[in-house]
Amino acid sequence: MSASLKRGLLALCCFAAATSADAAETQTLDTPSFTITIDVRCEEGNVTCDDVRYVGTSKKTGKAIRLTGRTRHTTCADGVTPCRFLGYEFKNGATVYFLSDGGELIVEQRGKPLLREQGEWK
């Protein structure tokens, strides 16, 4: 095998590995008041992820908020292992944004509900 062919295969291998690790899974939740885009920025195959990006845009004002959060899961019988996927959680000071797997947007501040809307994942 020639040296240039080896370099080409090595470059192709490294490009594929880099793009796989950097790939984000993007989803959009559409609620009556907001359009929310979620980018899960962890490698495919990970059960949990602590690098989830949130961009929520108000349909009324057009203003957007950007947050970083994590996935949320129930725990298995051992009390440690993550089991069923529940959704995504984002914190902005005392305000917590939760997007459920079923498409519900829940916003709470210090444990008190501020907003609850049903949406549709697209």
Side-chain angles (χ1 to χ4, degrees):
M1 185 180 298
S2 72
S4 63
L5 181 57
K6 285 181 183 176
R7 281 192 303 273
L9 289 173
L10 180 60
L12 179 61
C13 168
C14 294
F15 173 76
T19 55
S20 172
D22 295 338
E25 176 190 334
T26 303
Q27 299 176 324
T28 300
L29 180 65
D30 188 38
T31 74
S33 302
F34 299 93
T35 299
I36 302 159
T37 303
I38 301 296
D39 288 318
V40 180
R41 305 180 66 82
C42 293
E43 288 187 40
E44 187 175 332
N46 287 356
V47 175
T48 63
C49 182
D50 291 332
D51 190 9
V52 182
R53 309 291 167 89
Y54 171 111
V55 179
T57 305
S58 168
K59 291 180 178 178
K60 183 177 180 180
T61 67
K63 292 184 180 182
I65 184 170
R66 298 179 190 315
L67 304 168
T68 301
R70 65 184 184 92
T71 58
R72 273 196 24 206
H73 299 79
T74 62
T75 52
C76 295
D78 65 7
V80 178
T81 307
C83 273
R84 188 173 66 84
F85 175 71
L86 297 174
Y88 305 98
E89 181 179 84
F90 305 89
K91 295 182 180 178
N92 184 18
T95 306
V96 178
Y97 299 73
F98 178 70
L99 304 176
S100 77
D101 187 36
E104 188 172 23
L105 166 63
I106 301 168
V107 182
E108 296 180 341
Q109 192 170 55
R110 293 182 178 85
K112 296 181 181 178
L114 298 177
L115 175 73
R116 180 172 247 144
E117 287 189 349
Q118 184 62 46
E120 182 180 337
W121 287 108
K122 307 221 177 194

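One is the number of the first residue; the rest follow in order along the sequence.
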Check: [X] side chain, [Y] main-chain N or O, donor-acceptor pair, under 3.5 Å:
| X | Y | answer |
| --- | --- | --- |
| Asp78 | Val80 | yes |
| His73 | Val47 | yes |
| Thr68 | Arg53 | no |
| Lys59 | Thr31 | yes |

Output the distance between atom [atom1] ([X]) and atom [atom2] ([Y]), rounded to the nearest 0.5 Å.
| X | Y | atom1 | atom2 | answer |
| --- | --- | --- | --- | --- |
| Arg70 | Arg72 | CZ | CZ | 6.5 Å |
| Leu29 | Tyr88 | CG | OH | 10.5 Å |
| Asp39 | Gln27 | CG | CD | 9.5 Å |
| Arg41 | Thr26 | CZ | OG1 | 8.0 Å |
| Thr35 | Asp30 | OG1 | CG | 4.5 Å |

Distance-only side-chain donor-acceptor flag, Glu89 / Tyr54, under 3.5 Å: no

Residue pair Ala64 / Thr57: nearest heavy atoms and the distance that separates them: CB-OG1, 3.7 Å

Shortest non-hydrogen contact between Cys76 and Pro82, atoms and distance: SG-O, 3.8 Å

Shared hydrophobic cluster for Trp121 and Leu86 (ILVMFWY, side-chain gaps under 4.5 Å): no

CA sep, side-chain torsions, deciding dist, call: Phe90, Val52, side-chain contact (heavy atoms from CB on, under 4.5 Å): CA-CA 8 Å; Phe90 305 89; Val52 182; 3.7 Å; yes

Derivation of the side-chain contact (heavy atoms from CB on, under 4.5 Å) call for Ser33 and Lys60: CA-CA 7 Å; Ser33 302; Lys60 183 177 180 180; over 6 Å; no

Just list the side-chain donor-acceptor pairs under 3.5 Å for residues 94-109, sequence neighbours left out, or say none.
residue, atom, partner, partner atom, Å
Thr95, OG1, Gln109, NE2, 3.1
Ser100, OG, Gly102, N, 3.2
Ser100, OG, Gly103, N, 3.2
Ser100, OG, Glu104, N, 2.9
Glu104, OE2, Arg116, NE, 2.7

Residue pair Thr28, Ile38: steps toward the side-chain contact (heavy atoms from CB on, under 4.5 Å) verdict: CA-CA 6 Å; Thr28 300; Ile38 301 296; over 6 Å; no

